[in-house]
Number of protein chains: 2
Amino acid sequence: MNYKEAKEKFIGTWGALGSLWGINKAMAQIHALLYVSPDPLSMEDIMEDLGISRGNASMNLRGLMDWGIVYKVNVPGERKEFFASEKDVSELARTIAKERSRREIQPTMRVLKEVSSIEDDGNKKTQELIKKTKEMYEFVETADAMLNRIVNQEQNWVTKTLVKFLK
Amino acid sequence: MNYKEAKEKFIGTWGALGSLWGINKAMAQIHALLYVSPDPLSMEDIMEDLGISRGNASMNLRGLMDWGIVYKVNVPGERKEFFASEKDVSELARTIAKERSRREIQPTMRVLKEVSSIEDDGNKKTQELIKKTKEMYEFVETADAMLNRIVNQEQNWVTKTLVKFLK
DNA sequence: TTAAACTTTCAAAAAATAATGAAAGTTTAT
DNA sequence: ATAAACTTTCATTATTTTTTGAAAGTTTAA
């Protein structure tokens, strides 16, 4: 497998995996491309490399910047904008976890809390709904907190301890 | 908010969240419905409650059974099949984590390994590709192992320790 | 201030995904 | 063995999501 094939394989796989962290194919592919590029790329470069339209490139780059994992880079002497990805994989994970928590987990927790707080009318079904959503709330709360901890500052203590266990 | 509204809110939210764990809306909604039902439901019940077709119900129930979080329940004296969801939220999470790892993370890791093993031809781009995919491989490997550990047996030691930290 | 270089927006088109429903398939009771 | 009760399959239709491309917008250089 040569460079070109390997790069395409990586970009393709990463693109297909986009759903894992909730983004579309083009967005994931742009990210993959920037992640393995030694230098920042222009929109032109990206369009050409991935075979996508200008509008598509523009919108998805904006999306990646909203996620906070891609940013504009000023290249001296160049008029157009260049883009680069966050290169540190831990930092990448940290940002993604934080964003997903904010965008999806927190809103869900709000609903779980709301639903589990309805009045108990004595009906079996109502009681089950309250019980199950309460359990779910507590679980998600713990899981989210764990994820954030793991992925955040406290990497030292917790991660090191865990990693020791896993080796 | 009464029972009906609360139930619909939960089912709707859970459905919208389906993408978080990679399943479609109907599938997530069926799961939500079964999760908060005190008793097993027939396909008829599910179709009616969610307003979906028979074919849709059938296929998505099968999908949920493939995930291993919904199963058939035999109700004595009834000819038709009844379905119930795994009710323990930790068990649910464990199953989902295991399946996602098997379906998505493992295949991705295989590609990362493959791509990071190409021959170093001395080119800067090739070297960057190798370096970045290697880093990603190592990170995903650790994260996957952590997730599995956390979600699996060793809950006692690790989880308790972590939970203590998070309270 | 003008115009070239570049980027963004968004209505329309294309592609991908999900849902329907009726025919085919299965199981069970008699 | 038959038929009623029920489930699955899958070609077709509907819906949703993504992509395009050209017009509108912005920035920069002269």
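Every chain is numbered from 1, with letters handed out A, B, ... down the list of sequences. Only heavy atoms go into these numbers, but all of them, side chains included; no hydrogens, no water, no symmetry mates.
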Q: Mind checking A/Glu44 for me? I need base, sugar-phosphate or nothing, with any heavy atom below 4.0 Å counting as a touch.
A: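 Nothing: the residue A/Glu44, judged by heavy atoms under 4.0 Å, touches no strand.
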Q: Using distance only, find each side-chain donor-acceptor pair of residues 47-59 of chain B under 3.5 Å and give its atom names and separation, not counting sequence neighbours.
A:
residue : atom : partner : partner atom : Å
B/Asp49 : OD2  : B/Lys7  : NZ           : 2.8
B/Ser53 : OG   : B/Asn56 : N            : 3.2
B/Arg54 : NH2  : B/Glu44 : OE1          : 3.1

Q: Among A/Glu99, A/Gln106, A/Glu104, find the one that has a side-chain hydrogen bond (donor to acceptor under 3.5 Å, both in side chains) with A/Arg102.
A: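 Of all the options given, the one that passes is A/Glu99.
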Q: Side chains of A/Lys87 and B/Lys131: closer than 4.5 Å at any heavy-atom pair?
A: no
Q: Determine whether B/Pro107 and B/Arg103 make a side-chain contact, defined as any pair of heavy atoms from C-beta on separated by less than 4.5 Å.
A: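 They are not in side-chain contact.
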Q: What one-letter contact string describes nucleotides 20-30 of chain D from 5' to 3', where B marks a base within less than 4.0 Å of any protein heavy atom, S marks contact via sugar-phosphate atoms alone, and - marks no contact?
A: BB-----BB--
Q: How long is the line joining NZ of B/Lys72 and C1' of D/dT7, in whole Å?
A: 8 Å
Q: Would you confirm whether A/Ser101, through its side chain, and A/Ala97, through its main-chain N or O, come within 3.5 Å as a donor-acceptor pair?
A: no
Q: Quick test of your reading: applying salt bridge (charged side-chain N to carboxylate O under 4.0 Å, His left out), list the pairs with at least one residue in residues 56-72 of chain B, sequence neighbours left out, ordered by first then second residue.
A: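 Those involving residues 56-72 of chain B are B/Lys72-B/Glu81.
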Q: Considering only heavy atoms from C-beta outward, does the side chain of B/Thr95 approach that of B/Trp67 to under 4.5 Å?
A: no
Q: Rounding to an integer number of Å, can you tell me how far B/Asn74 CG sits from D/dC6 P?
A: 13 Å
Q: Closest nucleotide of DNA chain C for A/Lys25 versus for B/Lys25: which of these residues is on the 5' side?
A: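 Residue closer to the 5' terminus by nearest nucleotide: A/Lys25.
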Q: Between atom CD in B/Gln29 and atom C1' in C/dA19, what is the gap in whole Å?
A: 13 Å
Q: Which residue pairs pass the ring-ring contact (aromatic ring centres under 6.0 Å, His included) test with at least one member in residues 69-90 of chain B, sequence neighbours excluded?
A: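 Qualifying pairs, neighbours excluded: none.
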Q: Below 3.5 Å, can you tabulate the donor-acceptor pairs from side chains in residues 114-123 of chain B to any protein atom, sequence neighbours excluded?
A:
residue  : atom : partner  : partner atom : Å
B/Glu114 : OE1  : A/Lys9   : NZ           : 3.3
B/Glu114 : OE2  : A/Lys9   : NZ           : 3.1
B/Ser116 : OG   : B/Leu112 : O            : 3.0
B/Ser116 : OG   : B/Lys113 : O            : 3.1
B/Ser117 : OG   : B/Lys113 : O            : 2.5
B/Asp120 : OD1  : B/Gly122 : N            : 2.7
B/Asp120 : OD1  : B/Gln127 : NE2          : 3.4
B/Asp120 : OD2  : B/Gln127 : NE2          : 3.4
B/Asp121 : OD1  : B/Asn123 : N            : 2.9
B/Asp121 : OD1  : B/Thr126 : OG1          : 2.9
B/Asp121 : OD2  : B/Thr126 : OG1          : 3.2
B/Asn123 : OD1  : B/Lys125 : N            : 2.8

Q: Just how far, in rounded Å, is P of C/dA19 from CE of B/Met43?
A: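 Rounded to the whole Å, the gap is 15 Å.
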Q: In degrees, rounded to 10°, what is the bend between the two ends of the helix from C/dT1-D/dA30 to C/dT30-D/dA1, using five pairs at each?
A: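 Comparing the first five pairs with the last five, the axes sit 20° apart.
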Q: Using atom CG of B/Asn24 as one end and atom C1' of D/dT15 as the other, report the distance to the nearest whole Å.
A: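 Spelled out: CG on B/Asn24 to C1' on D/dT15 is 13 Å.
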Q: Check every atom of D/dT9, C/dT9, D/dT19 against the side chain of B/Arg62 and return the nucleotide holding the closest atom.
A: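 Nearest listed nucleotide: D/dT9.
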